[in-house]
Protein chains: 2
Amino acid sequence: MGMFSKTCEYALRAVFLIAHRTADGGRVGIKDIAASIDSPEYFLAKILQDLSKREIVQSVKGPNGGFYMDSKNLSRPLADVVEAVDGNSIFTGCALGMPECSSNKPCPLHNNFMNVRNQLQQMLTSVSIGQFNEELNLGITHLKR
Amino acid sequence: MGMFSKTCEYALRAVFLIAHRTADGGRVGIKDIAASIDSPEYFLAKILQDLSKREIVQSVKGPNGGFYMDSKNLSRPLADVVEAVDGNSIFTGCALGMPECSSNKPCPLHNNFMNVRNQLQQMLTSVSIGQFNEELNLGITHLKR
DNA sequence: ATAAATAAAGATAAAAATATCTTTTATTAT
DNA sequence: ATAATAAAAGATATTTTTATCTTTATTTAT
Ligand code: FES
Ligand code: FES
């Protein structure tokens with residue numbers, strides 16, 4: 001596995017796709033999303049169900065329904081998606097999995113790790129979900145092989 | 001979960017502990033290690049079995065046997081442990097889990113993520129397993145709550 | 001009102017990660 | 001040689017993650 005869980009990877013890709021596809025006010029359905037990001041449809045449905053409850057994305061049922069994001073959603077930091085799915089242990093947890101990370105009782109890697117962990121958090125909080133739309137429009141960046 | 005798998009977290013803690021405890025040429029047994037780093041004994045045994053095969057740690061059976069590390073082991077970069085356990089996807093994989101990470105067909109997060117990923121790799125390759133012994137000796141750093 | 005479309009919810013399954021127990025092999029001390 | 005010790009290897013179990021299928025509820029269009 002990489003830095004994030006598979007669930008979180010799909011969530012991030014889906015969120016980028018929805019942001020990209022519904023910036024004009026439209027909706028995008030689960031089948032379409034799954035195909036566009038190469039993810040298992042039913043599994044992704046569960047993930048989006050959850051993101052919808054957590055108000056990271058929005059949805060409407062019925063004909064012409066689907067998922068979308070309003071401008072408030074688009075301006076959220078990407079860190080919100082990661083935290084919603086994987087929790088905050090990646091931002092606050094000990095590198096060696098000790099019950100908590102604190103400089104009171106640091107593990108050997110504490111100082112070195114804090115740098116990396118903080119840079120990850122800084123990066124994810126400083127970018128918004130929506131800011132990648134333009135490059136997606138231009139075909140510079142991609143969400144599937 | 002944090003940045004590494006649970007297996008990897010235990011591996012890292014165990015490796016630090018073995019390095020610390022056997023710098024004088026002794027051995028340390030699995031029960032002792034497990035107790036010292038707060039890990040499930042049998043599970044850790046499997047992990048160390050594997051690290052032993054991969055020559056990250058060394059071991060001898062029988063009375064006064066146990067695990068240890070020679071000076072060559074001690075000078076290995078910590079990245080070797082992570083890679084042995086979790087593979088190299090954390091160093092080379094796409095943030096969004098696309099089949100490969102490449103600047104030819106980058107995902108939206110590629111540039112931002114590369115920074116973080118490279119800093120993690122840089123950090124883990126620039127520190128050696130053994131270099132944390134002194135602080136462990138001094139009781140400045142810890143391997144269990 | 002009715003039918004069609006679509007996400008939500010619920011139930012189940014498969015795979016992978018984590019954990020435990022038992023048996024075997026190698027080493028050491030006597 | 002024998003017995004004791006400790007890791008290696010093998011087998012099994014549990015939990016979590018990932019994945020799929022079915023049913024229900026909501027919305028829209030007719
Ligand atoms: S205590 Fe381990 S990273 Fe802070
Ligand atoms: S392609 Fe996604 S991080 Fe490089």
Side-chain angles (χ1 to χ4, degrees), chain A residues 1-15 17-18 21-22 26-35 37-69 84-87 89-90 96-97, chain B residues 1-14 17-18 21-22 26-35 37-69 82 84-87 89-90 96-97:
Chain A
M1 189 57 44
M3 191 102 60
F4 310 118
S5 70
K6 207 130 204 39
T7 308
C8 189
E9 291 173 349
Y10 290 138
L12 289 167
R13 283 198 257 165
V15 154
L17 190 280
I18 296 167
R21 286 282 203 80
T22 68
R27 315 276 163 75
V28 58
I30 183 67
K31 275 197 169 60
D32 195 348
I33 302 172
I37 69 172
D38 254 343
S39 75
E41 178 187 333
Y42 293 120
F43 185 45
L44 183 64
K46 285 300 184 194
I47 296 169
L48 288 181
Q49 226 175 82
D50 187 56
L51 289 182
S52 179
K53 267 184 220 146
R54 295 169 186 272
E55 303 188 303
I56 304 271
V57 302
Q58 297 174 268
S59 69
V60 294
K61 296 179 181 179
N64 304 316
F67 295 90
Y68 66 101
M69 302 179 76
V85 178
D86 279 355
S89 71
I90 197 160
L96 309 189
Chain B
M1 189 57 44
M3 190 103 60
F4 309 119
S5 69
K6 207 133 204 38
T7 307
C8 189
E9 291 173 348
Y10 289 138
L12 289 167
R13 283 197 258 165
L17 190 281
I18 296 168
R21 286 282 203 81
T22 68
R27 315 274 164 75
V28 57
I30 182 69
K31 275 196 168 61
D32 194 349
I33 302 172
I37 69 173
D38 254 343
S39 75
E41 179 187 331
Y42 293 120
F43 185 45
L44 183 63
K46 286 300 185 196
I47 296 168
L48 289 180
Q49 226 175 83
D50 187 56
L51 289 182
S52 179
K53 267 184 221 147
R54 294 170 187 273
E55 302 188 306
I56 305 271
V57 302
Q58 296 174 268
S59 69
V60 295
K61 296 181 181 177
N64 304 316
F67 295 90
Y68 66 101
M69 302 179 77
V82 172
V85 178
D86 279 354
S89 72
I90 197 159
L96 310 189

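These numbers come from a predicted model, not from an experiment. To find a chain, count down the sequence lines: A is the first, B the second, and so on, and within it residues start at 1. Below, all heavy atoms of this structure are taken into account, side chains as well, without hydrogens, waters or symmetry copies.
- Protein atom OH of A:Tyr68 is 12 Å distant from nucleotide atom C1' of D:dT27, rounded to whole Å.
- Using a distance-only test at 3.5 Å, with no hydrogens or angles considered, no donor-acceptor pair links the side chain of A:Thr22 to the main chain of A:Arg27.
- Between the P atom of C:dA19 and the CG atom of B:Leu48 lies a distance of 14 Å, rounded to the nearest Å.
- A:Ser59 pairs by the side chain to side chain contact (heavy atoms under 4.5 Å, CB included) definition with A:Ser52, A:Phe67, not counting sequence neighbours.
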Protein heavy-atom contacts under 4.0 Å, written 5' to 3' over nucleotides 22-30 of chain C as B (base), S (sugar-phosphate only) or - (none), form the string B--BBBBS-

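- Per the geometry, CD belonging to A:Glu41 stands 13 Å off C1' belonging to D:dT22, to the nearest Å.
- In this structure, A:Glu9 places its CD atom 10 Å from P of D:dA19, rounding to the nearest Å.
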Practice problem: Output, in order, the C-alpha distance, side-chain angles, deciding distance and verdict of side chain to side chain contact (heavy atoms under 4.5 Å, CB included) for A:Ile18 and A:Val15. | Solution: CA-CA 5 Å; A:Ile18 296 167; A:Val15 154; 5.5 Å; no

5' to 3', nucleotides 10-17 of chain C under a 4.0 Å protein heavy-atom cut-off (B base, S sugar-phosphate only, - none) gives BB------

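- Atom NZ of A:Lys31 and atom P of D:dC21 are 11 Å apart (whole Å).
- Rounded to whole Å, the distance from NZ on B:Lys53 to P on D:dA8 is 9 Å.
- Taking atom OH on A:Tyr10 and atom C1' on D:dT18, their separation rounds to 8 Å, with Å as the unit.
- Distance alone, capped at 3.5 Å, places no donor-acceptor pair between the B:Asp50 side chain and the B:Val85 backbone.
- Summarising the geometry, the separation between CG on A:Asp38 and C1' on D:dT18 is reported as 16 Å, rounded to the nearest angstrom.
- Taking side-chain N and O atoms only, B:Ser59 has a distance below 4.0 Å to OP1 or OP2 of D:dA8.
- You'll find the side chain of B:Glu41 reaches within 4.5 Å of the side chain of B:Ile30, heavy atoms only.
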(Q) As a quick check of understanding, evaluate side chain to side chain contact (heavy atoms under 4.5 Å, CB included) for B:Lys46 and B:Thr7, giving each step before the final call. (A) CA-CA 10 Å; B:Lys46 286 300 185 196; B:Thr7 307; over 6 Å; no

(message) Go through it in stages, so that I can follow the logic: the residues are A:Leu44 and A:Ile37, the test is side chain to side chain contact (heavy atoms under 4.5 Å, CB included), and I'd like the CA-CA distance, side-chain angles, deciding distance and then a yes or no.
(response) CA-CA 10 Å; A:Leu44 183 64; A:Ile37 69 172; 4.0 Å; yes

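- Regarding contacts with the backbone of C:dA8, a side-chain N or O of A:Ser52 is found under 4.0 angstrom from either OP1 or OP2.
- How far CG of B:Asp86 is from CE of B:Met3: 11.5 Å, rounded to the nearest 0.5 Å.
- Distance CZ/B:Arg13 to CG/B:Asp38: 6.5 Å, rounded to 0.5 Å.
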